[in-house]
Amino acid sequence: MERIVEDGGQVSIFWDDSDEPPDPDDYLNLDEYHQAWGEWELRVGAQVTSDTTVESCVGAQVSHVTQKVAPQHDAHWVEKYWVKRSGNKYWYYRYCWMVGRKKNRRYIGSVDSITAKGRRGLVETAITDGKLPIEIEKLIKGWKHEPSTMPEMPRNARF
């Protein structure tokens, strides 16, 4: 990233962030954010794909957030994030909610899992229906005790 050069040729202490994507927290509603995103895509051109995210030094990066523009406006949401292991990115869904200024998270599952996609839908429906975060967390914790969808193998099976 380049530094801003002022009119007189002096290099500023600030970074030129004109090529950075818009931040949802800077907009009052989702429509304004989507409009800013479209304008940004036109400016940066072919550098952007639908999978563009900004990499960070943290172990995970959020790429998609549902029902949320800024955490100060919503108490809970579902987000898609990745974790990098051995040079590979693994994508997951998680349920997030705020208690004061603390962000809490509960794992839902891999984006490649049909079960996780269904569970994500259940959580999003619960959010839309006005369920409290504690109720949704209880729902997610209950999934641990559900039987596996994998068929049980006979104990004496030989392969």
Side-chain angles (χ1 to χ4, degrees), residues 1 15-153:
M1 188 181 301
W15 296 104
D16 179 11
D17 63 355
S18 60
D19 286 340
E20 291 294 313
D23 185 351
D25 293 341
D26 295 338
Y27 300 91
L28 296 176
N29 60 51
L30 200 53
D31 291 333
E32 287 181 13
Y33 169 72
H34 285 301
Q35 181 180 350
W37 183 270
E39 292 169 1
W40 175 75
E41 282 182 318
L42 290 174
R43 259 196 339 271
V44 296
Q47 302 171 33
V48 180
T49 66
S50 61
D51 297 330
T52 300
T53 58
V54 179
E55 302 229 3
S56 72
C57 298
V58 182
Q61 175 67 39
V62 174
S63 70
H64 175 72
V65 179
T66 59
Q67 303 281 334
K68 174 180 172 284
V69 175
Q72 65 266 29
H73 300 300
D74 294 319
H76 52 159
W77 62 93
V78 173
E79 64 186 17
K80 179 179 169 184
Y81 69 102
W82 57 263
V83 175
K84 193 170 188 176
R85 290 189 204 103
S86 303
N88 296 319
K89 285 185 183 178
Y90 298 92
W91 291 88
Y92 301 97
Y93 295 117
R94 66 183 168 200
Y95 169 66
C96 302
W97 72 99
M98 300 292 289
V99 176
R101 293 177 58 194
K102 181 174 178 2
K103 181 179 177 183
N104 297 282
R105 301 170 185 91
R106 187 67 62 206
Y107 171 83
I108 295 174
S110 169
V111 297
D112 298 325
S113 165
I114 294 171
T115 303
K117 289 177 185 175
R119 289 176 175 176
R120 181 197 76 198
L122 290 172
V123 170
E124 288 175 337
T125 300
I127 292 170
T128 303
D129 290 347
K131 299 289 185 194
L132 296 173
I134 195 159
E135 296 172 295
I136 297 172
E137 183 184 18
K138 190 175 182 180
L139 169 72
I140 294 169
K141 284 183 174 180
W143 292 334
K144 287 183 183 178
H145 306 294
E146 286 184 1
S148 172
T149 57
M150 294 293 292
E152 280 194 41
M153 299 299 294

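The shortest non-hydrogen separation linking Trp143 to Val123 is CH2-CG2, 3.7 Å. Contact record, Ile108 with Ala116: CG2-O, 3.8 Å, taken as the closest heavy-atom pair.
Rounding to the nearest 0.5 Å gives a distance of 7.5 Å between CD1 of Ile140 and CD of Glu137. Note that the CD1 atom of Ile136 and the NZ atom of Lys138 stand 13.0 Å from one another [nearest 0.5 Å]. Rounding to the nearest 0.5 Å places CZ of Arg120 at 8.0 Å from NZ of Lys117. Separation of atoms CH2 (Trp97) and CG (Leu132) is listed at 12.5 Å; rounding is to 0.5 Å. Within the model, atoms CD1 of Ile127 and CD of Glu135 stand 12.0 Å from one another, a figure rounded to the nearest 0.5 Å.
Ring geometry for Tyr95 against His76 counts as perpendicular: the plane angle is over 60°, on a 0 to 90° scale with 30° as the lower cut.
Residues Asp31 and Gln35 are not in side-chain contact: their nearest non-hydrogen atoms beyond the backbone lie 4.5 Å or more apart.
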Would you please test Arg105 and Tyr107 for side-chain contact (heavy atoms from CB on, under 4.5 Å) and show each step?
CA-CA 7 Å; Arg105 301 170 185 91; Tyr107 171 83; over 6 Å; no

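With sequence neighbours excluded, no residue forms a ring-ring contact (aromatic ring centres under 6.0 Å, His included) with Tyr90.
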